[in-house]
Amino acid sequence: MSRNQIVRDAAGIKDFLAKVSNAPFLALDTETSGLDPHQDTLLLIQFGTADEQVLVDAQAVDAQALTPIFEHDRVVVMHNASFDLKMLENHYGPLLGLAQANIADTLAGEQLLRNGRKSDVVMQGFSLKALAERYAGMELDKSVRQGFYGIESIDDLSDSELFYAERDVEATWKIFAEQLPELRKEGLLRIAGLEGQAQYAFAELELKGCPVDVDSWRALMSDAQTQRGEARRALDTHFWDVADRDLFGGTTLNYNDDEQVMDALARLGLRLPNTRKEVLLATGHPAASALVNYREHQKLVSTYGEGFLAHVHGKTGRLHPRFRASGAITGRASCSEPNLQNIPAQSQFRACFRVPPERRLITADYVGAELRIIADQSGEPFFLKAIAQGQDLHALVATRLFGRKVSKTENPELRARAKAINFGLAYGMGSGGLAEQLGCRLHEAEQLLMAYFKAFPKVKAFLETSAEEGLRRGYVSTVGGRKYWLTDMRREGRDEGSLRRVAKNMPIQGTNADMIKLAMSRIVRRFRASAIDAFLVNMVHDELVVESAAQDADKALRAVEQEMMSAGAEFVKQVPMAVEAAIGESWEH
DNA sequence: GAGGCACGCGCC
DNA sequence: AAACGGCGCGTGCCTC
């Protein structure tokens with residue numbers, strides 16, 4: 001290993017590609033001085049096969065030199081591709097053509113293969129090191145990586161560090177070579193392809209980040225803090241006679257400590273099984289509702305206060321969360337640091353996610369996605385017809401169930417009941433849960449469910465078949481072919497009811513995830529292909545948020561709508577999907 | 001001081 | 001009233 005194996009120009013890259021032109025795919029990895037593309041440096045790009053690798057000085061080459069690597073007829077395999085894509089995109093810009101590249105991901109592949117059955121193999125996690133050991137018998141010494149942190153140029157890298165960089169390529173290549181037949185055997189090739197193609201979209205989400213108006217947000221949190229103070233004083237008056245008092249006219253109770261709160265409530269005569277909101281409100285006691293009120297403001301201040309704002313990036317002034325493309329076992333994405341998938345839905349909060357006047361935000365939702373999936377998968381004629389005619393399904397179901405005219409204005413309480421069942425279905429809800437949800441008697445909920453399934457037998461059949469098949473085969477799957485094995489749940493001793501609910505829910509929730517991931521990958525490609533100045537800034541399970549230049553907003557909206565619809569049509573065949581999209585300056589709907 | 005757990009609650 | 005699916009985060013409390 002010597003320094004002259006480092007390539008610093010387009011010719012070197014071309015020569016190497018010619019040498020490996022017969023390889024079915026190439027593996028690629030990068031070395032960076034840190035994890036933050038806006039802060040840290042891309043040092044090395046290494047790629048190749050199991051036998052031959054090349055190191056590219058990232059600082060010495062331009063996008064033009066690298067484009068041949070990512071031509072669409074070549075599969076480029078990475079481990080946790082969104083990270084490398086993020087660093088590459090930031091360093092070279094859209095010229096590199098990453099949005100159109102044909103990406104495969106060994107991390108995504110492994111997650112698909114092991115989803116719900118981690119306990120089948122000796123797992124050391126999903127790191128490249130762990131997979132290299134298990135699939136290729138290779139020892140990767142990750143301590144070497146420490147050497148890259150803070151480095152500015154590859155001239156500072158030692159031979160052992162360069163050797164390590166090459167070994168990562170070799171390992172990634174070998175892992176993918178082993179995963180491929182496994183994926184094929186399990187029928188996971190299609191979904192693995194979809195996951196690979198979605199990596200760039202997730203990289204874009206993280207890299208571009210989400211715009212937030214910090215001053216407006218802080219003002220909301222300041223209000224919450226004030227109201228939390230008032231709420232705490234109100235609580236003190238309620239508990240004054242049953243608690244110790246401090247020197248400042250308050251009680252010594254810590255209202256954040258459920259045990260203390262439960263004891264204090266008991267002294268007021270309220271003996272509760274827990275201190276959940278519904279249980280507190282059901283008592284009708286003023287101290288209980290005061291506690292609910294306090295908690296609401298406390299939640300805002302703690303979860304969405306300074307800790308949240310600490311994630312605003314010093315250089316970009318935006319939020320750059322981490323998205324895990326398959327963070328949920330159902331195939332849904334998850335988001336953290338900060339989580340942009342649980343921002344309060346009230347408009348004053350969403351309104352803080354705002355762009356300057358020359359920019360626009362486009363919000364686009366799948367309308368009733370899960371219900372449409374249920375309709376499609378079950379083939380329930382009543383559902384299919386109502387959706388095809390664009391009618392209000394909740395209202396129609398209510399009319400059918402209760403024998404009375406129901407719409408959003410006539411008997412809306414009956415519509416709400418039908419809606420509760422329609423939603424609950426996807427979660428495998430039983431009569432107990434429904435009674436809780438509706439605040440009615442158990443036997444009333446039982447009768448309601450019976451009437452529902454009698455009216456819509458194919459819905460019942462679909463859900464029960466999911467549960468039965470899941471238990472029999474040991475796994476459930478989505479329309480996109482994603483699988484979820486019940487192996488780990490069984491080993492954890494989860495009861496059958498729990499398994500059945502998961503088996504009912506995963507195909508629905510997971511198909512929704514398949515669908516929006518395909519939409520995302522098509523949208524980002526379309527933006528590039530059509531030279532639309534727009535990019536993704538958030539995704540919340542069945543909703544996408546896109547930022548665009550004001551003059552491109554109409555085109556961006558049409559692209560988002562069309563791609564969401566066409567992606568939906570690949571998974572939901574019997575009914576049309578519906579997308580509600582709007583252009584604005586904030587995330588407010 | 002770090003890590004893990006239970007709880008409660010924000011979202012879909 | 002543990003039993004409605006999937007997440008991440010803050011708090012309090014525990015152990016090490």
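By convention in this document, chain letters (A, B, ...) are assigned in the order of the sequence lines, proteins followed by strands, and residues within each chain are numbered from 1.
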Enquirer: Could you check which residues of residues 435-449 of chain A get a heavy atom under 4.0 Å from DNA chain C? Sort them by number, please.
Expert: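 Going residue by residue through residues 435-449 of chain A, the ones with a heavy atom under 4.0 Å of DNA chain C turn out to be A/E436, A/Q437.
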
Enquirer: Please figure out whether A/N254 or A/G327 has its closest DNA chain C nucleotide nearer the 5' end.
Expert: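 This one resolves to A/G327.
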
Enquirer: What contact category does A/F308 fall into here, base, sugar-phosphate, or nothing, at under 4.0 angstrom with non-hydrogen atoms?
Expert: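 It contacts nothing in the nucleic acid.
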
Enquirer: Using modelled atom types and a 3.5 Å cut-off, is there a donor and acceptor pairing between side-chain atoms of A/R500 and backbone atoms of A/L471?
Expert: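 It does not hold such a pair.
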
Enquirer: Rounded to whole angstrom units, what separation is found between the CD atom of A/Q348 and the C1' atom of B/dG10?
Expert: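 About 14 Å, once rounded to whole Å.
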
Enquirer: Write down the distance between CZ (A/F323) and C1' (B/dC12), rounded to a whole number of angstrom.
Expert: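 In whole Å, B/dC12 C1' and A/F323 CZ are 13 Å from each other.
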
Enquirer: Using whole Å, report how far CD of A/Q346 lies from C1' of B/dC9.
Expert: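 In whole Å, B/dC9 C1' lies 13 Å from A/Q346 CD.
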
Enquirer: Between A/N422 and A/H394, do the side chains contain a donor N or O and an acceptor N or O under 3.5 Å apart?
Expert: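 Note: A/H394 and A/N422 side chains meet the donor-acceptor criterion.
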
Enquirer: Is there a donor-acceptor pair under 3.5 Å between the side chain of A/R415 and the backbone N or O of A/A398?
Expert: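 No: the side chain of A/R415 does not pair with the backbone of A/A398.
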
Enquirer: Let me know the distance between CD of A/E259 and P of B/dA6, rounded to the nearest Å.
Expert: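 For the pair A/E259 CD and B/dA6 P, the rounded distance is 15 Å.
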
Enquirer: Quick one: sort the A/W217 and A/F349 rings into parallel, tilted or perpendicular, breaks at 30° and 60°.
Expert: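 The rings of A/W217 and A/F349 stand perpendicular, inter-plane angle above 60°.
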
Enquirer: Answer with base, sugar-phosphate or nothing: what part of the nucleic acid does A/L300 contact at a heavy-atom distance below 4.0 Å?
Expert: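 Nothing, no heavy atom under 4.0 Å.
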
Enquirer: Starting at atom NZ of A/K277, determine the distance to atom P of B/dC7, rounded to an integer number of angstrom.
Expert: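 Taking atom P of B/dC7 as the reference, NZ of A/K277 is at 18 Å.
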
Enquirer: From NE2 of A/H297 over to P of B/dG10, roughly how many Å is that when rounded to an integer?
Expert: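 To the nearest whole Å, that distance equals 11 Å.
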
Enquirer: Quote, to the nearest angstrom, the C1' distance that separates B/dG10 from C/dA3.
Expert: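 After rounding to an integer number of Å, I get 22 Å for this pair.
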
Enquirer: Can you give me the first and the last nucleotide of DNA chain C (5' to 3') that has an atom within less than 4.0 angstrom of a non-hydrogen atom in chain A?
Expert: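 Range of nucleotides touched by chain A: C/dA1 to C/dC13.
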
Enquirer: Can you tell me if A/R295 touches the phosphate of B/dC9, counting only side-chain N or O atoms and a distance under 4.0 Å to OP1 or OP2?
Expert: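 Yes, within the criterion.
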
Enquirer: Classify the ring geometry between A/F308 and A/F353 as parallel (under 30°), tilted (30 to 60°) or perpendicular (over 60°).
Expert: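 If you compare the ring of A/F308 with that of A/F353, the planes turn out perpendicular.
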
Enquirer: Hey, which of these two, A/L434 or A/R324, hits DNA chain C nearer its 5' end, going by closest nucleotide?
Expert: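 Its nearest nucleotide being more 5', the pick is A/L434.
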
Enquirer: Please determine whether any donor N or O and acceptor N or O are separated by less than 3.5 Å between the side chain of A/R332 and the base of B/dC12.
Expert: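 Checked by distance alone, the answer is yes.
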
Enquirer: For the backbone of A/P576 and the side chain of A/R372, can you confirm whether one donor and one acceptor N or O come within less than 3.5 Å of each other?
Expert: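 Yes, A/R372 side chain to A/P576 backbone: donor-acceptor pair under 3.5 Å.
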
Enquirer: Just to be sure I understand the rule, does A/G424 reach a base, reach only the sugar-phosphate, or reach nothing, if contact means heavy atoms closer than 4.0 Å?
Expert: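 It contacts base atoms.
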
Enquirer: In terms of the angle between their ring planes, are A/F382 and A/F456 parallel, tilted or perpendicular, with boundaries placed at 30° and 60°?
Expert: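 Correct class here is tilted.
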
Enquirer: Select base, sugar-phosphate, or nothing to describe what A/S498 touches, counting heavy atoms under 4.0 Å on all strands.
Expert: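 No contact.
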
Enquirer: What is the nucleic acid contact for A/N274, judged by heavy atoms within less than 4.0 Å: base, sugar-phosphate only, or nothing?
Expert: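 Sugar-phosphate, no base atom in range.
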
Enquirer: Using modelled atom types and a 3.5 Å cut-off, is there a donor and acceptor pairing between side-chain atoms of A/H79 and backbone atoms of A/F126?
Expert: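 Present.
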
Enquirer: Distance check needed: B/dC7 P versus A/K299 NZ, whole Å only.
Expert: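 Interatomic distance, NZ of A/K299 to P of B/dC7: 16 Å.
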
Enquirer: Checking all strands, does A/A426 fall into the base, sugar-phosphate, or nothing category for heavy-atom contacts under 4.0 angstrom?
Expert: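 Touches nothing.
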
Enquirer: How long is the line joining CD of A/Q260 and P of B/dC7, in whole Å?
Expert: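 It works out to 17 Å between those atoms.
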
Enquirer: Please list all pairs passing the side chain to side chain donor-acceptor pair (under 3.5 Å) test where one or both residues lie in residues 426-447 of chain A, with sequence neighbours left out.
Expert: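 Residue pairs with at least one partner in residues 426-447 of chain A: A/R417-A/E444.
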
Enquirer: Measuring only the P atom in each nucleotide, how far is B/dC5 from C/dC4? A whole number of Å is fine.
Expert: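 Going atom to atom, P in each nucleotide, I get 24 Å.
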
Enquirer: Is it the case that the side chains of A/H320 and A/D36 hold a donor-acceptor pair, with the cut-off being a distance below 3.5 Å and no angle test?
Expert: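 Note: A/D36 and A/H320 side chains miss the donor-acceptor criterion.
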
